[in-house]
Student: 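Quick one: structure below, then a few questions.
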2 protein chains.
Amino acid sequence: MREVASLAGVSLKTVSRVVNDEAPVTPAVRERVQRAIEQLDYRHNLAASNLRRRTGRARVLGVLLQDVGNSFSSGVLRALEDACRPHQIALLAASLDEEPDRERVLVNDLVSRRVDGLVIMPATERQDYLAADLRAGLPAVFVDRHPHGIDVDSVTVDNSQGGYDAARHVLAAGHRRIAVLSDLVTIETARLRIEGVKSAVGEFGPDAEVSFHEDLRESDAAERVVGQLMSGDQPPTAVITLRNILSAGALRALREAGAVDSVALVGYDDFPLADLVGLTVIRQNVATIGAEVARLMLSRLEGATDAPRHVVVQHELVERGSGEIRPAD
Amino acid sequence: MREVASLAGVSLKTVSRVVNDEAPVTPAVRERVQRAIEQLDYRHNLAASNLRRRTGRARVLGVLLQDVGNSFSSGVLRALEDACRPHQIALLAASLDEEPDRERVLVNDLVSRRVDGLVIMPATERQDYLAADLRAGLPAVFVDRHPHGIDVDSVTVDNSQGGYDAARHVLAAGHRRIAVLSDLVTIETARLRIEGVKSAVGEFGPDAEVSFHEDLRESDAAERVVGQLMSGDQPPTAVITLRNILSAGALRALREAGAVDSVALVGYDDFPLADLVGLTVIRQNVATIGAEVARLMLSRLEGATDAPRHVVVQHELVERGSGEIRPAD
DNA sequence: TTGTAGGCGTTATCAT
DNA sequence: ATGATAACGCCTACAA
């Protein structure tokens with residue numbers, strides 16, 4: 001910048017003015033500076049600029065998701081990006097993979113990098129560790145899971161209601177032998193979905209035999225469980241998978257057992273090809289979720305200091321056939 | 001930091017030493033400083049640190065993909081992240097959506113933010129605009145598409161060979177009336193895949209009637225095209241879709257026409273549920289691609305200055321049934 | 001309209 | 001082993 005100034009025969013401050021499009025600069029001078037900039041391949045240093053600026057933020061958000069490679073996380077990221085682009089806000093994204101330690105390490109890193117705000121799909125059970133930073137004015141918005149130990153903005157879906165809706169759907173179709181597959185019960189969303197299922201069972205089928213198969217992380221695990229159930233004495237007439245990759249495993253097992261057309265299946269979370277497989281699912285609107293997160297965060301960045309807001313995005317049950325199969329008898 | 005120093009009764013430099021785990025500090029002093037840091041909720045400012053450091057990079061990579069929400073881009077991002085995490089390197093990710101202007105704007109922004117390197121899945125036809133930054137020592141690695149107008153590291157797949165393999169597969173099965181659906185031909189990868197198809201046709205079925213349907217961006221468009229073809233006089237006996245979302249559309253149209261079991265379909269790029277639909281595809285290994293990108297970039301960050309390297313990751317044809325259907329004749 | 005002085009939070013250099 | 005001082009690249013405040 002100094003070189004640019006001397007080449008253009010002006011002061012440092014004038015170059016700064018040109019770079020930042022600030023008001024009082026004669027067109028002729030501006031032109032001269034621009035030429036010097038190009039000639040020297042000068043690049044404005046945002047890091048230094050942000051260091052000196054008082055109010056000016058760095059225009060970066062830290063985004064911690066479970067897995068930027070899966071469709072839910074990456075959908076949220078994409079929606080967030082679309083909402084941030086007009087504001088020239090960049091996104092620093094990383095995956096937590098349900099590892100609490102990684103969450104704490106990454107939050108620390110992002111705070112050190114002086115991000116303007118944090119979007120977190122937490123892997124930890126409690127987030128008290130964030131208290132000091134929040135007090136210091138760091139805006140945070142939680143996605144998909146509620147904050148615990150602190151109170152900050154959040155955008156979630158009603159997982160309990162989702163589990164309830166899925167269960168009610170198959171119970172209403174007459175099913176009374178139901179298998180429920182779920183993720184790690186240490187994950188809040190998994191627990192809530194299970195709760196919802198139980199509450200629907202209590203309401204619509206207290207007589208139903210419902211077996212719960214928990215802590216299933218991979219598609220293969222779901223496939224094995226359903227495979228075993230289908231070859232048992234009393235195979236279920238309906239299966240509910242409370243996480244998308246479990247649906248894939250269940251579907252494979254049912255196909256293997258020749259039961260795709262006789263056993264009902266309702267999944268949680270949509271899939272790219274789900275319509276082609278005829279999979280009935282509880283769909284969470286990732287685009288809406290991401291957009292809501294952005295809305296909350298942007299308002300905080302603009303200085304909103306009202307009480308934390310908790311937005312709940314509606315899900316919907318998408319009927320595609322697999323969930324509408326009725327029990328044999 | 002100044003406050004920490006005075007509270008601990010030491011100099012600024014000593015605090016700096018503690019924060020950075022530098023050598024000569026007495027355990028007692030270190031302890032005292034640590035306490036002061038916690039007491040004051042002091043946070044190390046990486047931005048300022050990087051500004052002052054001579055050799056120290058900011059440990060951030062700019063990553064420009066086509067769409068962080070689609071499975072190919074997000075898979076690459078995820079693999080990249082896994083390789084960067086051990087090095088404490090963060091990722092600034094954004095989507096280009098095939099918009100050349102956005103690419104130039106975002107590159108500028110990332111350069112201003114002083115990222116240590118750029119990973120780009122380009123939307124532009126030529127990238128001469130990067131020349132100055134490259135000369136200045138900015139490492140760049142291209143993904144999925146070759147650089148034009150500059151010479152930098154790249155990790156691509158052999159799209160021409162992929163198109164060739166897909167076409168050979170259906171030609172070898174005896175098909176002679178084939179429909180080929182592709183993305184915008186302004187996209188290099190789309191052109192190369194088409195070229196590959198043509199070359200296989202020349203080799204294995206010069207007598208074949210092959211119709212090309214280009215510039216299809218959405219699933220719906222593919223569905224319409226295949227729907228029309230199927231209701232025409234001479235419906236194709238095989239369909240090749242050169243992009244994953246086109247496969248979904250084609251599949252829907254074939255199902256609609258009751259032709260899923262009579263018309264062969266080979267797609268490009270894998271899908272989460274593709275095995276369940278029995279879709280034969282040319283699979284690109286995103287994890288390998290991302291890992292190779294990281295390998296090249298990390299070696300550049302460590303100072304490698306040899307000639308640009310061009311890695312080609314092998315694809316594979318995954319037979320799942322849809323591509324192995326033989327023509328009726 | 002333009003320039004000067006000082007400092008943002010940190011680290012490098014050189015002393016002590 | 002610790003500290004004083006200058007400087008990284010830029011911007012704010014104020015003066016000219």
Side-chain angles (χ1 to χ4, degrees), chain A residues 1-34 36-37 40-60 108-116 133 136-138, chain B residues 1-34 36-37 40-60 108-116 133 136-138:
Chain A
M1 183 149 154
R2 222 180 357 238
E3 297 176 34
V4 173
S6 72
L7 177 60
V10 296
S11 81
L12 264 174
K13 179 59 206 176
T14 304
V15 178
S16 170
R17 288 201 176 93
V18 172
V19 168
N20 293 301
D21 261 334
E22 273 171 30
V25 177
T26 313
V29 176
R30 179 177 303 267
E31 182 65 26
R32 199 143 40 92
V33 174
Q34 295 281 20
I37 286 177
L40 294 173
D41 278 336
Y42 163 78
R43 297 299 187 155
H44 187 212
N45 186 334
L46 264 185
S49 167
N50 289 323
L51 184 59
R52 189 57 183 86
R53 265 184 227 282
R54 14 190 71 202
T55 170
R57 309 311 185 95
R59 297 198 168 286
V60 193
N108 254 316
D109 183 70
L110 292 171
V111 170
S112 280
R113 291 177 188 276
R114 293 294 190 271
V115 293
D116 300 336
D133 293 308
L138 180 74
Chain B
M1 183 149 154
R2 220 178 0 234
E3 297 177 34
V4 173
S6 72
L7 177 62
V10 296
S11 80
L12 266 175
K13 179 61 201 174
T14 303
V15 178
S16 171
R17 287 199 177 96
V18 172
V19 169
N20 293 299
D21 261 333
E22 274 172 29
V25 177
T26 313
V29 175
R30 175 175 308 265
E31 182 65 27
R32 200 144 39 93
V33 173
Q34 295 281 21
I37 286 178
L40 295 173
D41 277 335
Y42 162 78
R43 299 297 190 157
H44 188 211
N45 186 332
L46 266 185
S49 169
N50 289 323
L51 181 60
R52 189 56 182 86
R53 271 184 156 82
R54 9 192 74 207
T55 168
R57 310 309 187 96
R59 297 198 166 286
V60 193
N108 254 317
D109 182 69
L110 292 172
V111 169
S112 278
R113 290 176 190 276
R114 293 295 189 272
V115 293
D116 300 336
D133 293 307
L138 180 73

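Note on naming: letters A, B, ... go to the chains in the order of the sequence lines (proteins, then strands), and numbering restarts at 1 for each one. Just so you know, these numbers use all the heavy atoms, side chains as well, and skip hydrogens, waters and symmetry mates.
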Student: In this structure, how many angstroms lie between the P atom of D:dC10 and the CG atom of A:Asn50, rounded?
Tutor: 12 Å
Student: Does any donor-acceptor pair link the side chain of A:Arg52 with the base of D:dC10 at a separation under 3.5 Å?
Tutor: no
Student: C:dG3, OP1 or OP2 - any side-chain N/O from A:Thr14 closer than 4.0 Å?
Tutor: yes
Student: Whole Å only: how far is the CG atom of A:Asn45 from the P atom of D:dA7?
Tutor: 19 Å
Student: For D:dC10 and A:Ser49 - does any side-chain N or O of the residue sit under 4.0 Å from the phosphate oxygens OP1/OP2?
Tutor: no
Student: Out of the candidates B:Val19, B:Val33, B:Val18, only one should pair with B:Val4 under the side chain to side chain contact (heavy atoms under 4.5 Å, CB included) rule; please name it.
Tutor: B:Val33
Student: Could you tell me how far apart B:Asp21 (CG) and C:dT10 (P) are, to the nearest whole angstrom?
Tutor: 16 Å
Student: Can you tell me which nucleotide in D:dC10, C:dT11, D:dT2 comes closest to the side chain of B:Met1?
Tutor: C:dT11
Student: Using a heavy-atom cut-off of 4.0 Å across all strands, would you classify A:Arg114 as base, sugar-phosphate, or nothing?
Tutor: nothing
Student: Round to the nearest Å and state the distance from A:Leu12 atom CG to C:dA5 atom P.
Tutor: 12 Å
Student: Check the pair A:Val60 / B:Arg113 against side chain to side chain contact (heavy atoms under 4.5 Å, CB included), numbers first and verdict last.
Tutor: CA-CA 10 Å; A:Val60 193; B:Arg113 290 176 190 276; 3.1 Å; yes
Student: When rounded to the nearest 0.5 angstrom, what is the spacing between CZ in B:Arg2 and CG in B:Leu12?
Tutor: 7.0 Å
Student: Assign B:Val29 to base, sugar-phosphate, or nothing according to its heavy-atom contacts below 4.0 angstrom with the strands shown.
Tutor: sugar-phosphate
Student: At what distance, to the nearest 0.5 angstrom, does CG of A:Asp133 lie from CZ of B:Arg43?
Tutor: 4.0 Å
Student: What nucleic acid atoms does B:Val10 come within less than 4.0 Å of, heavy atoms only: base, sugar-phosphate, or nothing?
Tutor: sugar-phosphate
Student: Calculate the interatomic distance between A:Lys13 atom NZ and C:dT1 atom P; express it in whole Å.
Tutor: 14 Å
Student: Looking at D:dC11, I'd like to know if its phosphate oxygens (OP1 or OP2) sit under 4.0 Å from a side-chain N or O belonging to A:Ser16.
Tutor: yes
Student: Could you tell me how far apart A:Leu46 (CG) and D:dC11 (C1') are, to the nearest whole angstrom?
Tutor: 13 Å
Student: Rounded to the Å, how far apart are B:Arg2 CZ and D:dG3 C1'?
Tutor: 16 Å
Student: Please determine whether a side-chain nitrogen or oxygen atom of B:Ser11 lies at a distance below 4.0 Å from atom OP1 or OP2 of D:dA4.
Tutor: no
Student: Out of the candidates B:Val25, B:Val10, B:Asn20, only one should pair with B:Val15 under the side chain to side chain contact (heavy atoms under 4.5 Å, CB included) rule; please name it.
Tutor: B:Val10
Student: Check the phosphate of C:dT11 against B:Asn20, side-chain N and O only, distance under 4.0 Å to OP1 or OP2. Yes or no?
Tutor: yes
Student: Please report, rounded to the nearest Å, how far the P atom of C:dT1 is from the CZ atom of A:Arg32.
Tutor: 15 Å
